[in-house]
Amino acid sequence: QVHLVESGGRVVQTGDSLRLSCAVSELPRSTNVTAWFRQAPGNEREFLAAIRWGDGIPSSPNSIFGRFTISRDYARKTVFLYMKNLEPEDTAVYYCAAGSVFTRFASEYDYWGQGTQVTVSS
């Protein structure tokens, strides 16, 4: 059974940096793309970045926002999202997703984690 477990979300202040982690397990071989999305209250789920699991090649640009960077540790089976210069508008639930297509569309991803809350205070 596929498991995606996000962690690292917490309350931070404007200008802070934060790294989110997504532990990945039991991915089918065809599911070789992992991505980060976020969703703020009242908003649609928003694509942030994706990375190809096997060779670690990220989407281009690396993320929708230049302040965010996606990476992965193959041995630890973990995908990271590093965020810097956080702003109150970055407050959202951050989700990890896995699929077989390099895409920004949430509907194309087959597996999702439960999400981790990031709150940026002003």
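We're numbering straight along the sequence, starting at 1.
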Minimum-distance pair of heavy atoms, taken over all atoms of [X] and [Y]:
{"X": "Met83", "Y": "Val118", "result": "CE-CG2, 4.2 Å"}
{"X": "Asn43", "Y": "Gln39", "result": "O-NE2, 3.0 Å"}
{"X": "Ser59", "Y": "Phe102", "result": "N-CZ, 3.6 Å"}

Would you compute the distance between atom [atom1] of [X] and atom [atom2] of [Y] and round it to the nearest 0.5 angstrom?
{"X": "Leu18", "Y": "Asp90", "atom1": "CG", "atom2": "CG", "answer": "10.0 Å"}
{"X": "Ile70", "Y": "Arg52", "atom1": "CD1", "atom2": "CZ", "answer": "12.5 Å"}
{"X": "Glu108", "Y": "Ser100", "atom1": "CD", "atom2": "OG", "answer": "8.0 Å"}
{"X": "Leu86", "Y": "Ser121", "atom1": "CG", "atom2": "OG", "answer": "10.5 Å"}
{"X": "Leu20", "Y": "Leu48", "atom1": "CG", "atom2": "CG", "answer": "9.5 Å"}
{"X": "Phe80", "Y": "Ser21", "atom1": "CZ", "atom2": "OG", "answer": "4.5 Å"}

Checklist entry - Does Thr78 reach the main-chain N or O of Arg76 with its side chain, forming a donor-acceptor pair under 3.5 Å? => result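 Here the side-chain-to-backbone pair exists.
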Would you indicate whether the side-chain heavy atoms of [Y] and [X] approach each other to under 4.5 Å?
{"X": "Glu6", "Y": "Gln114", "value": "yes"}
{"X": "Gln117", "Y": "Thr91", "value": "yes"}
{"X": "Pro88", "Y": "Val120", "value": "yes"}
{"X": "Arg72", "Y": "Lys77", "value": "no"}

Treat each ILVMFWY residue as a node, draw an edge where side-chain heavy atoms are under 4.5 Å apart, and state whether [X] and [Y] are in one component.
{"X": "Val2", "Y": "Val33", "value": "yes"}
{"X": "Val79", "Y": "Val93", "value": "yes"}
{"X": "Val12", "Y": "Trp36", "value": "yes"}

Next on the checklist: Check this for me: Arg104, atom CZ, are more than 12 non-hydrogen atoms of other residues, nucleotides or ligands nearer than 6.0 Å?
Outcome noted: no
Item to check | Criterion side-chain contact (heavy atoms from CB on, under 4.5 Å) on Thr116 and Ser7, from CA distance to verdict | outcome: CA-CA 6 Å; Thr116 186; Ser7 62; 5.6 Å; no
Checklist entry - So Cys96 and Tyr111, side-chain contact (heavy atoms from CB on, under 4.5 Å) or not? Walk me through it. => result CA-CA 8 Å; Cys96 180; Tyr111 305 100; over 6 Å; no
Next on the checklist: Is the distance from the ring center of Trp53 to that of Tyr74 below 6.0 Å?
Outcome noted: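 Centroid separation for Trp53 and Tyr74: below 6.0 Å.
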Checklist entry - How about Phe37 and Tyr95: are their ring centroids closer than 6.0 Å? => result no
Checklist entry - Regarding Tyr94 and Arg38, is there a side-chain donor-to-acceptor distance under 3.5 Å anywhere? => result yes
Next on the checklist: Could you check whether Arg45 makes a cation-pi contact with Trp112, meaning its NZ or CZ is under 6.0 Å from the centre of the six-membered ring and within 45° of the ring axis?
Outcome noted: yes
